[in-house]
Every structure is written in structure tokens, then in C-alpha cells.
Amino acid sequence: MYMGIDIGSSFGKAICLNDDGDVIARVLEPTGLGGKQLANKIRQAVIEQIGQEPTYAVATGYGRINVPFADKTVTEISCHARGVNHLYNECKVVVDIGGQDSKVIVLGPKGSVADFVMNDKCAAGTGRFLDVMARALEVEVTDLGDLHYLSDKRLEISSTCAVFAESEVISLLAQGEAREDIVAGLHRAITNRVYSLLRGRVRGSSADFLVLTGGVARNKGIADALTEKVGAQVHVPDEPQFTGALGAAVIASELKLHKEGELQGVL
Ligand code: ADP
């Protein structure tokens with residue numbers, strides 16, 4: 001039983017794989033105060049699901065140092081790359097949008113990282129941007145995707161900065177603009193921001209197989225807005241928020257092979 005645990009800024013995620021590579025447990029827990037308590041709580045929930053202790057555990061995410069039972073820690077860039085490669089062999093580029101950062105990862109052979117670029121300096125282009133806007137619109141962040149599809153008017157949100165965009169949203173509401181049109185405009189604003197990361201990395205991007213991951217990818221409106229912007233189908237895994245944890249679990253399963261001397265090379 002191989003556990004991958006990803007302690008992010010907003011959520012702790014865990015996946016457990018069996019020897020056949022099947023997902024046998026999945027745990028999602030808000031980060032809250034985080035720390036070792038969170039990691040232990042997630043581990044306990046995994047044990048309840050699988051009925052035994054995981055054989056190996058690999059930790060990733062910004063809180064990975066607070067996972068006392070981890071056999072190994074790996075960066076979230078490497079784990080997202082491995083997780084996506086596990087699901088889509090043909091993937092060339094990963095766009096991950098999490099709570100506090102967004103990243104573009106160019107994959108090399110076997111899910112290795114050929115290159116990456118990250119935005120973690122400001123909220124624009126991250127989940128936090130949408131969390132703040134949802135509050136201003138008095139809707140749940142989980143409802144943004146459905147609202148996107150109700151939009152029938154193309155509104156442009158000119159501010160990419162979260163602080164200015166929040167004021168812009170409030171004045172658009174005051175002018176009587178519909179929530180769904182504002183939401184779709186916000187989705188285009190966030191994807192424009194992510195596209196500027198992507199453009200610098202991926203020449204001729206329309207030819208590349210692109211996968212969108214992270215909690216924000218649970219919002220289908222974002223994948224649609226990014227597909228429109230890139231001009232090619234953007235693929236989203238069934239459980240995009242768990243991709244980093246999945247990659248960590250895949251690496252955990254390889255720890256066993258390494259220990260048994262069956263696998264050579266770099267993890
Ligand atoms: P982190 O790894 O930084 O904790 P995640 O990849 O877990 O981040 O993504 C968290 C973000 O995902 C939140 O900020 C929120 O905007 C978004 N999110 C989480 N759940 C949903 C959902 N059900 N629908 C839409 N967006 C979601």
C-alpha cells in the first residue's frame with residue numbers, strides 16, 4: 001500500500017495505491033492550521049479506508065516537511081509531473097492551478113521535468129483569486145463552474161490584480177451586470193494570466209497535449225476558458241486536485257522496487 005500525501009496551502013490530499021496501481025483510498029482535508037496534526041489526521045483517515053498502515057509514504061506540497069511519517073519528500077513540481085504522466089502518457093505540458101500558486105511544467109521522458117515556470121508572487125492566476133471573487137459575488141467557489149455556463153454576455157474584467165478585480169466585480173454588480181457574466185469574465189481573466197506563463201514556455205502550444213490540474217481544475221469553466229485561449233483541447237483528470245498526491249503515491253510504489261533492487265535510476 002503506497003501513500004502519496006500532498007499538503008497544500010488550502011487542502012491536504014492523500015492517495016493510496018495497491019500493488020496493481022489501483023487507487024484504494026482518497027482523502028481530502030482543509031489545511032486549516034496545518035502542521036504534523038493535519039498529516040497524522042490524513043494518515044489515520046487513509047488507514048481507516050485501507051484497513052492497514054501504508055507500506056511507504058511520500059510527501060509533497062509546501063507542507064511536506066510537516067509529515068513525520070514520510071519515507072521521502074519530493075517537490076510538488078516533480079509529483080505533478082509524475083501524476084499526470086501516470087494518467088496521460090502522451091502529455092507534454094501540465095498547467096497546475098492551486099490555492100496560492102500556478103505553474104506550467106514541461107514534461108520530459110517518463111514524467112520527468114524538462115522545464116517549469118511558477119507564479120507564486122501574487123494571487124492573480126490562482127485559486128485565491130477565485131475564492132476572493134466568489135466571496136464578493138456571494139456565491140460558493142464550487143458553484144462558479146455551473147454559473148460560467150449560464151453566461152450569455154461577454155464581459156471583460158480588465159484588472160488581473162485580485163485587489164482591483166474585487167472592486168471591479170463590486171462595481172459591475174452595482175451596474176446590474178449578471179453574476180454569471182461576471183464569473184465567466186473572471187474565468188477568462190485568470191486563464192489570460194495563466195496563458196502568459198504558458199506562452200513563455202510552450203512554443204507552438206496547440207500541438208502539445210496539455211493537462212490542467214489542481215483544485216481550480218474542478219471548475220469546468222476554467223478548462224473551457226483555457227481551451228478557448230490556447231486554441232486546443234485542454235484535458236482534465238477526473239480528480240484533478242489529487243494529481244500531486246497521485247504522483248507522490250507512484251513514487252512511493254517505486255520506493256519498494258528500489259529497496260528490493262529491481263529498479264535502477266533516479267526517482
Ligand atoms: P493547494 O494545493 O494550494 O492546497 P489545491 O490544488 O487544493 O491547492 O486547490 C485549492 C483551490 O481549488 C481553492 O483555492 C479553490 O479555489 C479551488 N477549489 C477547491 N475545490 C473546488 C471545487 N469543488 N470547485 C471549484 N474550485 C475548487
J.: If I take atom CG from residue L144 and atom CZ from residue R179, how far apart are they, to the nearest 0.5 angstrom?
T.: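 Rounded to the nearest 0.5 Å, the CG-CZ separation comes to 11.5 Å.
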J.: Please report the C-alpha distance between T60 and D6 in whole Å, then the side-chain angles of each, then the deciding distance to 0.1 Å, and finally whether the side chain to side chain donor-acceptor pair (under 3.5 Å) criterion is met.
T.: CA-CA 5 Å; T60 188; D6 173 6; 5.1 Å; no
J.: Indicate, with yes or no, if I97 and L226 share a hydrophobic cluster defined by side-chain heavy-atom contacts under 4.5 Å among Ile, Leu, Val, Met, Phe, Trp and Tyr.
T.: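 Yes, L226 and I97 fall within the same hydrophobic cluster.
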J.: Can we say R64 and E76 salt-bridge, meaning some charged N sits less than 4.0 Å from an Asp/Glu carboxylate O?
T.: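 So R64 pairs with E76 through a salt bridge.
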J.: Measure up the Y88 and H235 rings against each other and bin them: parallel (under 30°), tilted (30 to 60°), perpendicular (over 60°).
T.: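 The rings of Y88 and H235 sit tilted, inter-plane angle from 30° to 60°.
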J.: Within the structure provided, determine whether I7 and I42 are in side-chain contact (heavy-atom separation under 4.5 Å).
T.: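 SC-SC contact between I7 and I42 confirmed.
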J.: Are the side chain of D96 and the backbone N or O of G214 linked by a donor-acceptor pair below 3.5 Å?
T.: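 Here the side-chain-to-backbone pair exists.
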J.: Tell me, please, which residues at least two apart from R43 pass salt bridge (charged side-chain N to carboxylate O under 4.0 Å, His left out).
T.: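 Checked R43 against salt bridge (charged side-chain N to carboxylate O under 4.0 Å, His left out); matches are E53.
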J.: Within a reach of under 6.0 Å around CD of Q37, are more than 12 heavy atoms found that belong to other residues, nucleotides or ligands?
T.: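 Not more than 12 within 6.0 Å, no.
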J.: Would E254 and K110 count as a salt bridge (charged side-chain N to carboxylate O under 4.0 Å, His left out) here? Give the steps.
T.: CA-CA 13 Å; E254 290 173 357; K110 297 183 185 165; over 6 Å; no
J.: Sort and list the pairs that fulfil ring pair (Phe, Tyr, Trp, His ring centres under 6.0 Å) and have at least one residue in residues 117-170, not counting sequence neighbours.
T.: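 Ring pair (Phe, Tyr, Trp, His ring centres under 6.0 Å) check on residues 117-170 returns H148-H187.
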J.: Between E228 and R188, does any side-chain N to carboxylate O distance fall below 4.0 Å?
T.: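 So E228 does not pair with R188 through a salt bridge.
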J.: Within the side chain of T126, is there an N or O that forms a donor-acceptor pair under 3.5 Å with the backbone of D101?
T.: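 Between the backbone of D101 and the side chain of T126 there is no qualifying donor-acceptor contact (under 3.5 Å).
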